Amino acid sequence: MTEEGPSARSIIYCGICTFPPEYCEFGGTLQKCKDWLKDEHPDLYDKLYSEDALTTATEGLSLEKQEKVEREIQKLQAKEANRAEKELKKMLSSKVVVKRVERSKRKHVIAVSGVEVFGIDPKKLAKTFASKFATGASVTKNVEGKDEIVIQGDLGDEVEDYVTALLEEKGLDGVKVERIEDKPKKKSQA
């Protein structure tokens, strides 16, 4: 007699909200989650969101409760659509700023800010810049309190090209990458 021990259970997690699909409704991105589930796991989508599944889930509810649930779902979906629209407007109105700052007569640093709005992790991007351009790169907070990537060296053109290509790769062609030259104010001699 050989007894088998407990086996690991395979759990599917949503690619959008990272919850199990049964709990996507609590994540706030239900419609995106449903679309993802429909594309990636159609059998599980049918099990959770088909007409039969929805009728069996709401069978025990009274008519008033069922109407209340439907109204709440409609409110949530409207809220989600408005939030997605606002995010899209915010993304399209935002810009990435590539600023060239002169440290001394011949030394420059490039400061890149505004990439976190587009879902790009500044720390990972700084590491990519450091390895791609063989220079020092770090993430600091700027005057406004937002993350800013500081790259040593006069690499403004290369950084601007790379950021533009990265945004196009993410499907954000209309995003403006602005280039600014910043020279330090000379100290007045008293």
Side-chain angles (χ1 to χ4, degrees), residues 1-94 96 112-132 137-141 145-149 162-175:
M1 279 198 198
T2 59
E3 283 188 37
E4 291 184 28
S7 61
R9 183 179 279 184
S10 175
I11 298 176
I12 298 171
Y13 291 99
C14 177
I16 305 296
C17 67
T18 68
F19 292 151
E22 294 86 3
Y23 296 97
C24 283
E25 62 189 272
F26 304 111
T29 56
L30 182 61
Q31 195 56 46
K32 287 181 184 178
C33 294
K34 279 184 177 180
D35 294 341
W36 176 86
L37 191 62
K38 196 174 198 177
D39 293 341
E40 299 296 320
H41 301 281
D43 53 328
L44 187 56
Y45 177 83
D46 290 339
K47 181 180 170 189
L48 294 174
Y49 298 110
S50 68
E51 289 295 322
D52 296 336
L54 292 175
T55 53
T56 55
T58 57
E59 243 174 25
L61 296 176
S62 66
L63 284 175
E64 295 106 23
K65 282 188 177 181
Q66 193 168 357
E67 288 173 5
K68 185 179 175 184
V69 166
E70 286 175 10
R71 274 185 274 145
E72 286 178 7
I73 288 173
Q74 286 175 346
K75 278 184 186 177
L76 276 174
Q77 287 176 344
K79 225 183 224 185
E80 183 183 319
N82 286 340
R83 186 175 28 190
E85 193 175 306
K86 282 181 185 177
E87 273 185 31
L88 186 63
K89 282 183 182 177
K90 184 179 176 184
M91 269 188 173
L92 293 176
S93 68
S94 297
V96 176
V112 181
S113 59
V115 292
E116 65 276 348
V117 175
F118 306 104
I120 300 170
D121 183 23
K123 289 182 180 179
K124 288 182 181 176
L125 189 59
K127 191 164 177 103
T128 304
F129 284 146
S131 63
K132 184 171 178 65
S138 63
V139 178
T140 59
K141 297 273 184 202
K146 296 181 179 175
D147 283 340
E148 178 179 67
I149 303 170
Y162 186 81
V163 169
T164 305
L166 188 65
L167 290 171
E168 284 174 1
E169 187 180 298
K170 284 190 161 263
L172 301 165
D173 299 336
V175 175

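Reckoned from all heavy atoms, side chains included, excluding hydrogens, waters and symmetry mates. What you see is a predicted model, and the numbers here were worked out from it, not measured in a lab.
Take Thr128 and apply the side-chain contact (heavy atoms from CB on, under 4.5 Å) test, not counting sequence neighbours, and it matches Tyr162. The side-chain contact (heavy atoms from CB on, under 4.5 Å) test applied to Lys146 returns Glu116, Asn142, Glu144, not counting sequence neighbours. Among residues two or more places apart in sequence or in another chain, the side-chain hydrogen bond (donor to acceptor under 3.5 Å, both in side chains) test is passed with Lys75 by none. Among residues two or more places apart in sequence or in another chain, the salt bridge (charged side-chain N to carboxylate O under 4.0 Å, His left out) test is passed with Glu72 by none. Considering only residues two or more places apart in sequence or on other chains, Lys79 meets the side-chain contact (heavy atoms from CB on, under 4.5 Å) condition with none of them. Residues satisfying the side-chain contact (heavy atoms from CB on, under 4.5 Å) criterion with Asp121, sequence neighbours excluded, are Lys123, Lys124.
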Worked verdict on Lys141 versus Asp147 for side chain to side chain contact (heavy atoms under 4.5 Å, CB included): CA-CA 5 Å; Lys141 297 273 184 202; Asp147 283 340; 3.1 Å; yes
From CA spacing to verdict: side chain to side chain contact (heavy atoms under 4.5 Å, CB included), Ile120, Val163: CA-CA 10 Å; Ile120 300 170; Val163 169; over 6 Å; no
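Formation of a donor-acceptor pair under 3.5 Å by the Glu80 side chain with backbone atoms of Gln31 is found in this model.
Summarising the geometry of Ile16 relative to Lys32, their closest heavy-atom pair is CG1-O, 3.9 Å, with the distance given to 0.1 Å. Minimum heavy-atom separation, Pro21 to Leu48: CB-CD1, 3.8 Å. Closest approach of Cys14 to Cys33, counting heavy atoms only: SG-SG, 3.5 Å.
Taken from OH in Tyr23 to OG1 in Thr18, the straight-line distance is 14.0 Å, to the nearest 0.5 Å. One distance of note links NZ of Lys47 with CG of Leu37; it measures 11.0 Å at 0.5 Å rounding.
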